[in-house]
Asker: 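Could you have a look at this structure, given as structure tokens, before my questions?
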Amino acid sequence: MYINFAYLISVLRKDFVNECSRLLQQDGITPGLLYPILYIGKHPNCAPKEMMQFLQMDWGLVQRSLDKLVAEGLVCREKNPQDRRCYHLSLTNAGQRVFAKSHDMLAAWNAQKLSVLSQEEQEQLERLLSKIAASL
């Protein structure tokens, strides 16, 4: 039996985007801003370039995302005292609340979707998807 892998991924992504939009829209977070919030929350005082590389985003998208997050009062840009051309990113108090809410939402979505699999199947799925992602 042939399974269209891209179709299955798009179905899961659509469900995730809908859930993310529903739960985070009141905080000014779109699905596209979720991962920058999560990255900055897990890597306080990171540089935009680090985030860009990890999230595989282009520079323009990083700048637009950061502009929106700063305008929403969720992220703070601070100049690097050693190099005034660079700056570091951190979450504001409001950003920390959105980070916690986002983290909880992601964990709940994962748990709900993976509940149809045994623990062994979940671990196998993670290994296989990680292997595919590493080959990109």
Side-chain angles (χ1 to χ4, degrees):
M1 182 171 138
Y2 174 74
I3 297 174
N4 188 326
F5 185 59
Y7 172 74
L8 296 174
I9 290 172
S10 66
V11 168
L12 287 169
R13 176 158 173 72
K14 182 178 180 181
D15 182 74
F16 178 74
V17 166
N18 289 339
E19 184 72 2
C20 182
S21 296
R22 185 179 69 77
L23 293 175
L24 299 176
Q25 114 184 49
Q26 66 195 19
D27 298 305
I29 297 298
T30 61
L33 296 176
L34 174 65
Y35 291 104
I37 283 282
L38 291 172
Y39 184 84
I40 297 167
K42 290 183 180 186
H43 303 90
N45 297 314
C46 63
K49 185 175 181 179
E50 297 165 11
M51 185 179 77
M52 176 187 79
Q53 291 170 336
F54 183 83
L55 297 178
Q56 298 180 3
M57 298 168 74
D58 66 60
W59 188 246
L61 181 56
V62 166
Q63 291 306 312
R64 287 188 303 278
S65 297
L66 291 175
D67 289 345
K68 289 177 188 175
L69 292 169
V70 169
E72 290 287 334
L74 302 173
V75 169
C76 183
R77 288 180 181 151
E78 297 176 14
K79 291 235 184 239
N80 180 342
Q82 285 79 29
D83 185 349
R84 304 216 30 97
R85 297 171 297 168
C86 299
Y87 53 92
H88 297 286
L89 305 169
S90 59
L91 297 178
T92 63
N93 289 337
Q96 289 287 352
R97 286 190 296 277
V98 170
F99 169 76
K101 185 176 180 180
S102 299
H103 196 273
D104 292 347
M105 184 269 315
L106 187 58
W109 187 86
N110 284 345
Q112 179 190 25
K113 299 308 169 203
L114 294 174
S115 68
V116 300
L117 302 176
S118 69
Q119 185 63 36
E120 182 181 323
E121 289 171 325
Q122 289 178 31
E123 291 167 4
Q124 182 181 21
L125 178 63
E126 183 177 353
R127 278 193 311 275
L128 294 171
L129 291 174
S130 294
K131 187 174 182 178
I132 291 169
S135 73
L136 302 177

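Side-chain atoms are counted along with the backbone in the values below, which use heavy atoms only and exclude waters and symmetry mates. Just so we're clear, the structure is a prediction, and the values are computed from it rather than from any experiment.
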Asker: May I have the step-by-step check of side-chain contact (heavy atoms from CB on, under 4.5 Å) for Leu89 and Leu66, ending in yes or no?
Answerer: CA-CA 9 Å; Leu89 305 169; Leu66 291 175; 3.8 Å; yes
Asker: Sequence neighbours left out, what pairs pass side-chain hydrogen bond (donor to acceptor under 3.5 Å, both in side chains) with at least one residue falling in residues 22-32?
Answerer: Glu19-Arg22, Asp27-Lys101
Asker: Is it the case that one hydrophobic cluster holds both Leu125 and Phe16, taking links as side-chain heavy atoms less than 4.5 Å apart, direct or via other members?
Answerer: no
Asker: Residues two or more places apart in sequence or in another chain: which of them pass salt bridge (charged side-chain N to carboxylate O under 4.0 Å, His left out) with Glu72?
Answerer: none
Asker: Could you work out, with side chain to side chain donor-acceptor pair (under 3.5 Å) as the rule, every residue matching Glu78, not counting sequence neighbours?
Answerer: none
Asker: Provide the full list of side-chain hydrogen bond (donor to acceptor under 3.5 Å, both in side chains) pairs with a residue in residues 5-17, sequence neighbours left out, each pair given once.
Answerer: Asp15-Trp109, Asp15-Lys113
Asker: Does Met105 form a side-chain contact (heavy atoms from CB on, under 4.5 Å) with Cys20? I'd like the steps, not just the answer.
Answerer: CA-CA 8 Å; Met105 184 269 315; Cys20 182; 4.1 Å; yes
Asker: Got a sec, which pairs hit side-chain hydrogen bond (donor to acceptor under 3.5 Å, both in side chains) with one end in residues 126-136, sequence neighbours left out?
Answerer: none
Asker: Is a donor on one side and an acceptor on the other found under 3.5 Å between the side chain of Thr92 and the backbone of Gly73?
Answerer: yes
Asker: If hydrophobic clusters are built by linking Ile, Leu, Val, Met, Phe, Trp and Tyr wherever their side-chain heavy atoms come under 4.5 Å apart, do Leu8 and Val11 end up in the same one?
Answerer: yes
Asker: In a table with atom names and distances, give each donor-acceptor pair under 3.5 Å that connects a side chain of residues 34-57 to protein atoms at least two apart or in another chain.
Answerer:
| unit_1 | atom_1 | unit_2 | atom_2 | d |
| --- | --- | --- | --- | --- |
| His43 | ND1 | Tyr39 | O | 2.9 |
| Glu50 | OE1 | Ala47 | N | 3.4 |

Asker: For Asp58, is the CG atom crowded, meaning more than 12 foreign heavy atoms sit under 6.0 Å from it?
Answerer: yes
Asker: List the residues meeting side-chain contact (heavy atoms from CB on, under 4.5 Å) with Ser118, not counting sequence neighbours, and say none if there are none.
Answerer: Glu120, Glu121
Asker: Should Val116 and Leu129 be counted in the same cluster of Ile, Leu, Val, Met, Phe, Trp and Tyr side chains packed under 4.5 Å apart?
Answerer: yes
Asker: With a 4.5 Å heavy-atom cut-off, do Phe99 and Leu74 have their side chains touching?
Answerer: no
Asker: Same cluster for Ile132 and Ile9 if Ile/Leu/Val/Met/Phe/Trp/Tyr side chains link at under 4.5 Å?
Answerer: yes
Asker: Test: ring pair (Phe, Tyr, Trp, His ring centres under 6.0 Å). Region: residues 110-136. Which pairs qualify, not counting sequence neighbours?
Answerer: none
Asker: Counting C-beta onward and ignoring hydrogens, is there a side-chain heavy-atom pair between Leu117 and Leu114 closer than 4.5 Å?
Answerer: yes
Asker: Using side-chain contact (heavy atoms from CB on, under 4.5 Å) as the criterion, list what pairs up with Ala108, not counting sequence neighbours.
Answerer: none
Asker: Asp104: what forms a salt bridge (charged side-chain N to carboxylate O under 4.0 Å, His left out) with it, not counting sequence neighbours?
Answerer: none
Asker: Check whether any side-chain heavy atom of Leu24 lies under 4.5 Å from a side-chain heavy atom of Ser102, and answer yes or no.
Answerer: yes
Asker: Arg77: which residues meet the salt bridge (charged side-chain N to carboxylate O under 4.0 Å, His left out) condition with it, sequence neighbours left out?
Answerer: Asp67
Asker: Sort and list the pairs that fulfil ring pair (Phe, Tyr, Trp, His ring centres under 6.0 Å) and have at least one residue in residues 58-97, not counting sequence neighbours.
Answerer: none
